[in-house]
Structures are given as structure tokens and as C-alpha cells.
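Side chains included, hydrogens not; waters and symmetry mates left out as well; all remaining heavy atoms used. Keep in mind that what you see is a predicted model, and the values were worked out from it rather than measured. Every chain is numbered from 1 and lettered A, B, ... according to where its sequence line falls, protein lines coming before strand lines.
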There are 2 protein chains.
Amino acid sequence: MNEKIAFSLIHAAHSIEGHFEKALAAVNLSSPKFAALSVLVEEDQPMSLSELAEKLTCVRSNVTQLVDRLEADGLVKRTDDPSDRRGVRAEVTKLGRERHAAGLKVVNRVHEEVAKQLSAVDQSALKRALDTIQ
Amino acid sequence: MNEKIAFSLIHAAHSIEGHFEKALAAVNLSSPKFAALSVLVEEDQPMSLSELAEKLTCVRSNVTQLVDRLEADGLVKRTDDPSDRRGVRAEVTKLGRERHAAGLKVVNRVHEEVAKQLSAVDQSALKRALDTIQ
DNA sequence: ATCTTCTCATTCATATATGAATGATATATG
DNA sequence: CATATATCATTCATATATGAATGAGAAGAT
């Protein structure tokens, strides 16, 4: 009740993340996996793991492991970078695209629910306020 | 820019969590450790790990590990529950209380910063909006 | 061209989280 | 009372995240 606003914000965010996770679980995805697939589908071509890490705002060792799991799921495959023998690139598979599309559907449903829950407030003002936070 | 409001919210929350983590790191604490110490200091008496898990909204196996680490740091000690031989209770040590006090200081500084960053918005309205989200 | 330095992905150690399985003990039910 | 069920903390397997160390290879400097 008399909680600090930062805690309210974090609590609300965790709650929403829970909704996303639950929705994605129904299509056999986790949030990190869906996020990675989203980047790869958007890019629509093989992408170096470093670049993927940058887009996901995380360290490279994390992407190595995430791509391991995505590869084990058959959603992504690693290919050699022809122009740099150090490099490895990730490419989304057909199954990966399908899974991503399924994820997108359920994620959008959660977006709608959240918007509905915030129907009483000025959402653009709220969004502006949130985006001031760095 | 044209991002969904749920993502704005999650992004803002992660940013703030990062600030808390960085501030706490300066006093040798993590967010989970600080949260656990906060509960134990507030309670001010030995507390069963189950109860601690409930207060922290996490599963018991997580608390087992967290208390392992807190105990290794000398911030908490386990004691037997005299009324239930299955039970184990966690008790904050003197060092734990000191560390928690130090953590509270830096955490409050972050709260102030966040409030300052949101100075342009109606914070009670924002807080009410956030608290509608379940 | 060789040597240094940077960058790439991976591995390792660690922290945090979950959930299933386990063993010890309480509690409830016949 | 004996047996079944529930609860306690822990362990194990796993997912996610970080950062340090590593080995391979690219790029730059002399």
C-alpha cells in the first residue's frame, strides 16, 4: 500500500512477465527463447552470436547457452561464418519460424490483456513516464 | 518508440532493478540477499525457511540455496526448530543486521533517484495505475 | 613478415530461479 | 495403535544470467 513507487513498478513488471511466460509455455517457449527467435526472424538471415547478444542486451556466454538450447529444440541452427573463421552464426529454422509465429499470437493476447487492465489510465502518459526512466 | 506499454513497463523495471543491484553490490549484497535480510530483520526472530520462502514469494528450494549463501557470508545462521524436528529456522546475525542497514541506505538513495526521474509525472496516479496490474 | 592486440565463441565458476524427487518427521484417519 | 497423508528442508536436474579465462583467428603496428 504505502510502498515505494519503484517497488510498485517492479512488482507490476514481474506480474506481467509471469503472464508472458505462462502464455509462451503453452506453445513450448520461454521468454528468452522467444526474444531470440524474434530477433532472428526479424533479421531474416544468419546472424553472428555477438550481434544477437547485442540485440538481446546480454553477454555472449549467455547467447552461447541460449542458442545451445534453441538448437536442441530444433528452432535454430548454427552455421559457419564464411568470411570469418572465428565467427558462428545463428539461423532460424522452419520450425523456429512456426514456433515464433505461435509465440507472437499468445504474446499479443497478453498485450491486449495488459492494455485492458490499464483501461482506466492514460496509457500514453503512462508510457511517456515509464520511458523517462533510464 | 512505438513499443507496447507492457514492454515499456518491463524495460523500466529492469532498468531500476539494475540500479538497485549496482547500489547493493557496493555494500556486498545482491537483491535476493537484501530481500531475505529485510524479511529477517523485520521479523526480528528466528523464522522457518518455509515462512521465509512465502514472504519472498519463491519456492523453498530457492530459499535453501539462498540461506546457504547468506550463511557462507556470515549474515544469517540456521538454528533448529525446537518444536518441530523437521524444521530449520534462519536467524540474522549481528553482521547481517549491519549489512542490511548499509543496504537500506543505498536502496533508499535509489528510491530517491527514481522519484526524481519521475518528477514530471503524477506519481500517485502512476502508482495507482501500476497497482491495478495483477 | 612477425609480434601484439583485439575479437570471436566457448567453457568454467557462480548466482539465481523453478519443479520433481527424497528422507525425515508430523498429523490425521481408520 | 497403525497406517496413510501432509509438510519440512534438502538434493538434483534444469534454465537463465553474469563475468573471467581460454583458444582460435583477425587486424594492426613496427
Side-chain angles (χ1 to χ4, degrees), chain A residues 10-11 13-15 17-22 24-25 28-37 39 46-73 75-91, chain B residues 10-11 13-15 17-22 24-25 28-39 46-73 75-91 103:
Chain A
I10 290 171
H11 185 259
H14 284 176
S15 170
E17 284 178 319
H19 289 305
F20 280 124
E21 264 155 44
K22 195 179 164 193
L24 284 168
N28 266 293
L29 281 177
S30 63
S31 292
K33 285 178 180 178
F34 176 70
L37 288 181
V39 171
M47 188 179 202
S48 82
L49 299 202
S50 290
E51 205 182 337
L52 184 53
E54 225 177 291
K55 297 263 190 176
L56 295 173
T57 333
C58 71
V59 299
R60 270 173 297 176
S61 60
N62 192 17
V63 168
T64 294
Q65 299 174 78
L66 184 53
V67 169
D68 283 349
R69 293 187 292 269
L70 285 166
E71 213 169 16
D73 292 346
L75 306 177
V76 152
K77 69 165 186 279
R78 278 177 167 90
T79 52
D80 290 341
D81 183 333
S83 68
D84 184 339
R85 286 201 291 170
R86 293 168 303 182
V88 173
R89 302 195 296 184
E91 194 177 353
Chain B
I10 289 171
H11 184 259
H14 284 176
S15 171
E17 286 178 318
H19 289 305
F20 280 123
E21 264 155 44
K22 195 180 164 190
L24 284 168
N28 266 293
L29 281 176
S30 64
S31 293
K33 285 178 180 178
F34 177 70
L37 287 181
S38 298
V39 171
M47 188 178 201
S48 82
L49 298 203
S50 289
E51 205 183 337
L52 184 53
E54 226 177 291
K55 297 262 190 174
L56 296 173
T57 333
C58 70
V59 300
R60 270 173 297 175
S61 60
N62 192 17
V63 168
T64 294
Q65 300 175 77
L66 184 53
V67 169
D68 284 349
R69 293 187 293 269
L70 286 165
E71 213 171 16
D73 291 346
L75 306 178
V76 153
K77 69 167 186 275
R78 278 178 167 89
T79 52
D80 289 342
D81 183 335
S83 68
D84 185 339
R85 286 200 292 169
R86 293 168 304 180
V88 173
R89 302 195 297 185
E91 194 178 353

J.: Taking the side chain as every heavy atom from C-beta outward, state whether A/L52 and A/V67 have any atom pair closer than 4.5 Å.
T.: yes

J.: What contact category does A/R78 fall into here, base, sugar-phosphate, or nothing, at under 4.0 angstrom with non-hydrogen atoms?
T.: sugar-phosphate

J.: So which nucleotide does C/dG30 pair with, by the Watson-Crick or G-U wobble rule with both distances under 3.5 Å?
T.: D/dC1

J.: Looking only at non-hydrogen atoms, find the nearest pair between B/L29 and B/G103 and report the distance.
T.: CD1-CA, 4.3 Å

J.: Without decimals, in angstroms, what is the distance between B/Q65 CD and D/dA15 P?
T.: 15 Å

J.: Would you kindly give the CG-to-C1' distance between A/D81 and D/dA26, to the nearest whole Å?
T.: 12 Å

J.: Under a 4.0 Å threshold between the charged nitrogen and the carboxylate oxygen, would A/R89 count as salt-bridged to A/D84?
T.: no

J.: For the pair made of CG in A/D73 and C1' in D/dT16, what is the distance, rounded to whole Å?
T.: 14 Å

J.: Spell out protein contact along nucleotides 20-26 of chain C as letters: B when the base is contacted, S when just the sugar-phosphate is, - when no protein heavy atom is under 4.0 Å; keep the 5' to 3' order.
T.: B---BBS

J.: Who passes side chain to side chain contact (heavy atoms under 4.5 Å, CB included) against B/H14, sequence neighbours left out?
T.: A/E17, B/I10, B/E17

J.: Does A/N62 make a side-chain N or O approach to OP1 or OP2 of D/dT16 shorter than 4.0 Å?
T.: no

J.: Quick one: is C/dT16 close enough that its OP1 or OP2 comes under 4.0 Å of any side-chain N or O from B/S30?
T.: yes

J.: Measure from CG on B/L66 to P on D/dT11 and round the result to the nearest Å.
T.: 15 Å

J.: Starting from P on D/dT7, measure out to CD on B/E51 and report it in whole angstrom.
T.: 16 Å

J.: Check B/K33, B/K77, B/R78 against B/E71 for a salt bridge (Lys or Arg N to Asp or Glu O under 4.0 Å) and give me the one that passes.
T.: B/R78

J.: If you define the side chain from C-beta out and look only at heavy atoms, does anything of B/D73 sit under 4.5 Å from B/N28?
T.: no

J.: Is there a side-chain contact between A/E21 and A/L24 in this structure, where contact means two heavy atoms from C-beta onward sitting under 4.5 Å apart?
T.: no

J.: For the pair made of CZ in B/R60 and C1' in C/dA17, what is the distance, rounded to whole Å?
T.: 16 Å

J.: Whole angstroms only, please: what is the CD-P distance between A/E54 and C/dC8?
T.: 9 Å

J.: Without decimals, in angstroms, what is the distance between A/D80 CG and D/dA24 P?
T.: 16 Å

